[in-house]
There are 2 protein chains.
Amino acid sequence: MLLNFAPKLTKLKADSNTEDKIKEAAKQVFIAKGFSGCTSREIAKAAGMNVALVNYYFRSKSALFKIIFEAAMGDFLLSMLEVFNTSLSLEEKLRNYLSREYEFLAKYPEIPSFIINEMGRKDGVHIDNTSVFKCIEQTGIFEECLIEQKAGRMREIDITSITLLMMSNCQFPFMGAAVIKQVHGISDEQYEKQLVQHKQIVTDMLIGYLFPGSTSTQITQK
Amino acid sequence: MLLNFAPKLTKLKADSNTEDKIKEAAKQVFIAKGFSGCTSREIAKAAGMNVALVNYYFRSKSALFKIIFEAAMGDFLLSMLEVFNTSLSLEEKLRNYLSREYEFLAKYPEIPSFIINEMGRKDGVHIDNTSVFKCIEQTGIFEECLIEQKAGRMREIDITSITLLMMSNCQFPFMGAAVIKQVHGISDEQYEKQLVQHKQIVTDMLIGYLFPGSTSTQITQK
DNA sequence: CTCTGTTTTAAACGCTTGTTTAAAATTGCT
DNA sequence: AGCAATTTTAAACAAGCGTTTAAAACAGAG
């Protein structure tokens, strides 16, 4: 026992141990219903096990939530960072960002709502996100925008507004899906197809607006 | 007693009776924390009274929520309907819509999140919104878009995408305020000013995109 | 004042919540 | 095998939940 210098080596045998099963269940339940919208027992049942096990592996509901939230945050920012850390032109980076973001959100459409809601709540479980946001800044994407603006290749609007334009037109179509579907009385499958079209529209509009002199003025409709 | 043909006439004396005080408190609490994020006692305390009174005037927490939600929905759609029921040109209608929407959301920034969240929840208190959405359709705004598109004055994109563009760029800047503020490390007051600028940018971009041949290509920046 | 119906209160209801406990089952090691 | 540590279980805990009850406080009319 004292010689055990490689602890938990046996853990590697199973590709799906109890701890991970709980995390997976918690991820689904938390993202679907929010922190205050679900119970510990609900998560346990979704994982197919006892309530006490949830608190055995993760000290409390809050602690588990923190882990899930931060993981969601990480997933969400990963593709963003991957795109921004390339050496493409700014226009190409933004095009890629839009493309990747729509791909990602098609897979995990509930994540933006989840993040925004839980961050917005005044009484929510407090989480320090500063490191995550520092990552974005460190890609130098903001400075790059300023350079392109100075060079006259990019429209001179505030960087915050650029972020807003990009995020608004990516995230809202997924966050507000329920409302839009009801307004236009369309089915889930129809809306999925709609989003494919909309991705192209958003790309055309944003690139056309941000880079007025670009070659992006294509006849991409229909 | 049998002769009382004007019931509750005495109720008109006070401009703020108990029932309204509860509704006002419930509105604030529900919108800030959501249905499952708050308790009946919390609402009662916010109204300065006993828990039992909440259920005395409104049968249950769910019943009260339904009332508040529908009122929020009504407020939210009111300005939209007012604009769409005018006899201006489509471009002017959309310009006015954007302007009014930013005004409204500056006052009640939490309403879109509230509506979208509670509508999106699978297990939420079920509410029939069909009548509300019928109202939008009845303004004839969608047909008007089709006419303008046929006439070649409006870009030929799907009506659903037009709705998405309008709503995304209005609502997200308020829904995602907490995230954007943290990303760019800006204060509440700075962000308020940012939104004033952004409203103008969004208007330029959307009108410019939707009505390619319009006079809207102004030098509205800086 | 007395009698009426309405409004407000304090207390209790049964149930669910997050969390803990202590015993049972399982595992890994010699 | 047998022992020690880990993992899982069932049961219990106090606290809080939405809701109900029954009595108190209040108001208006005769």
Side-chain angles (χ1 to χ4, degrees), chain A residues 1-26 29-30 33-69 118 123-126, chain B residues 1-26 29-30 33-69 118 123-126:
Chain A
M1 194 198 327
L2 284 167
L3 293 171
N4 188 2
F5 287 113
K8 306 213 175 182
L9 203 146
T10 56
K11 282 290 179 54
L12 298 173
K13 63 175 179 185
D15 61 331
S16 168
N17 55 2
T18 302
E19 195 171 336
D20 290 341
K21 269 194 263 182
I22 296 176
K23 274 214 279 209
E24 196 49 46
V29 177
F30 273 141
K33 303 196 173 188
F35 178 76
S36 60
C38 72
T39 70
S40 300
R41 283 169 175 82
E42 196 175 349
I43 292 169
K45 189 172 285 182
M49 47 193 57
N50 199 293
V51 206
L53 269 183
V54 174
N55 279 19
Y56 173 74
Y57 283 100
F58 312 89
R59 278 183 33 256
S60 65
K61 187 191 179 189
S62 303
L64 176 55
F65 177 81
K66 210 165 176 174
I67 290 170
I68 300 302
F69 182 84
E118 303 294 342
D123 61 339
V125 180
H126 189 263
Chain B
M1 194 195 327
L2 285 167
L3 293 171
N4 189 2
F5 287 114
K8 307 215 175 183
L9 204 145
T10 56
K11 281 291 179 55
L12 298 172
K13 63 177 179 184
D15 61 330
S16 169
N17 55 0
T18 303
E19 194 171 336
D20 290 342
K21 269 195 263 182
I22 296 175
K23 273 214 281 211
E24 196 49 47
V29 177
F30 273 141
K33 303 194 171 190
F35 178 76
S36 60
C38 71
T39 70
S40 300
R41 283 170 175 82
E42 197 175 348
I43 292 169
K45 190 171 285 180
M49 47 193 57
N50 200 293
V51 206
L53 268 183
V54 174
N55 279 20
Y56 174 74
Y57 283 99
F58 312 89
R59 277 183 34 258
S60 65
K61 186 191 177 189
S62 303
L64 176 55
F65 178 80
K66 211 165 175 173
I67 290 169
I68 301 301
F69 182 84
E118 303 295 343
D123 60 342
V125 180
H126 189 263

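Using a 4.0 Å heavy-atom cutoff across all strands shown, B/Ser62 reaches no nucleic acid atom at all.
Of the side-chain N and O atoms in A/Thr18, none sit less than 4.0 angstrom from OP1 or OP2 of D/dT7.
Rounded to an integer number of Å, the gap from B/Lys33 NZ to D/dC17 P is 10 Å. B/Phe30 has its CZ atom 12 Å from the C1' atom of D/dG18, to the nearest Å. With rounding to whole Å, B/Glu19 atom CD is found 14 Å from C/dT6 atom P. If you take CD1 of B/Ile22 and C1' of C/dT8, they are 11 Å apart, rounded to a whole angstrom. Following rounding to the nearest Å, B/Tyr56 (OH) and D/dT21 (C1') show an atom-to-atom distance of 14 Å. The distance between atom CG of A/Asn55 and atom C1' of D/dC13, rounded to the nearest whole Å, is 13 Å. Distance, A/Leu53 CG to C/dA24 P: 17 Å, rounded to whole Å.
Distance CD/A/Glu24 to CD1/A/Ile68: 8.0 Å, rounded to 0.5 Å. Taking CZ from A/Phe69 and OG from A/Ser62, the interatomic distance works out to 13.5 Å, rounded to the nearest 0.5 Å. From B/Phe58, atom CZ reaches atom CD1 of B/Ile22 across 5.5 Å, with rounding to the nearest 0.5 Å. Atoms CD and CG, from A/Glu19 and A/Leu53 in turn, are 11.0 Å apart once rounded to the nearest 0.5 Å.
Among C/dG18, D/dT20, D/dA10, the nucleotide with an atom closest to any side-chain atom of A/Lys61 is C/dG18. Distance from the side chain of B/Tyr57 is smallest to C/dT7 among D/dT8, C/dT7, D/dT19. Each of C/dT19, C/dT9, C/dT20 was ranked by its minimum atom distance to the side chain of B/Asn50; first place goes to C/dT9.
Residues meeting the side chain to side chain contact (heavy atoms under 4.5 Å, CB included) test with B/Ala46, sequence neighbours left out: B/Ala25, B/Val29. For B/Arg59, the side chain to side chain contact (heavy atoms under 4.5 Å, CB included) criterion is met by no residue, not counting sequence neighbours. Here B/Ser40 pairs with B/Val51, B/Lys61 under the side chain to side chain contact (heavy atoms under 4.5 Å, CB included) rule; sequence neighbours left out. B/Glu42 meets the side chain to side chain donor-acceptor pair (under 3.5 Å) test with B/Lys33; sequence neighbours excluded.
Heavy-atom distances under 4.0 Å link DNA chain C to A/Cys38, A/Thr39, A/Ser40, A/Arg41 of residues 38-47 of chain A, given in residue order.
Using a distance-only test at 3.5 Å, with no hydrogens or angles considered, a donor-acceptor pair links the side chain of A/Glu118 to the main chain of A/Phe35.
Along DNA chain C, the nucleotide nearest A/Ala52 and the nucleotide nearest B/Met49 are compared for position; the residue whose nucleotide lies closer to the 5' end is B/Met49.
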Can you tabulate the close N/O pairs, meaning under 3.5 Å, that link protein atoms to atoms of nucleotides 22-26 of chain D?
none

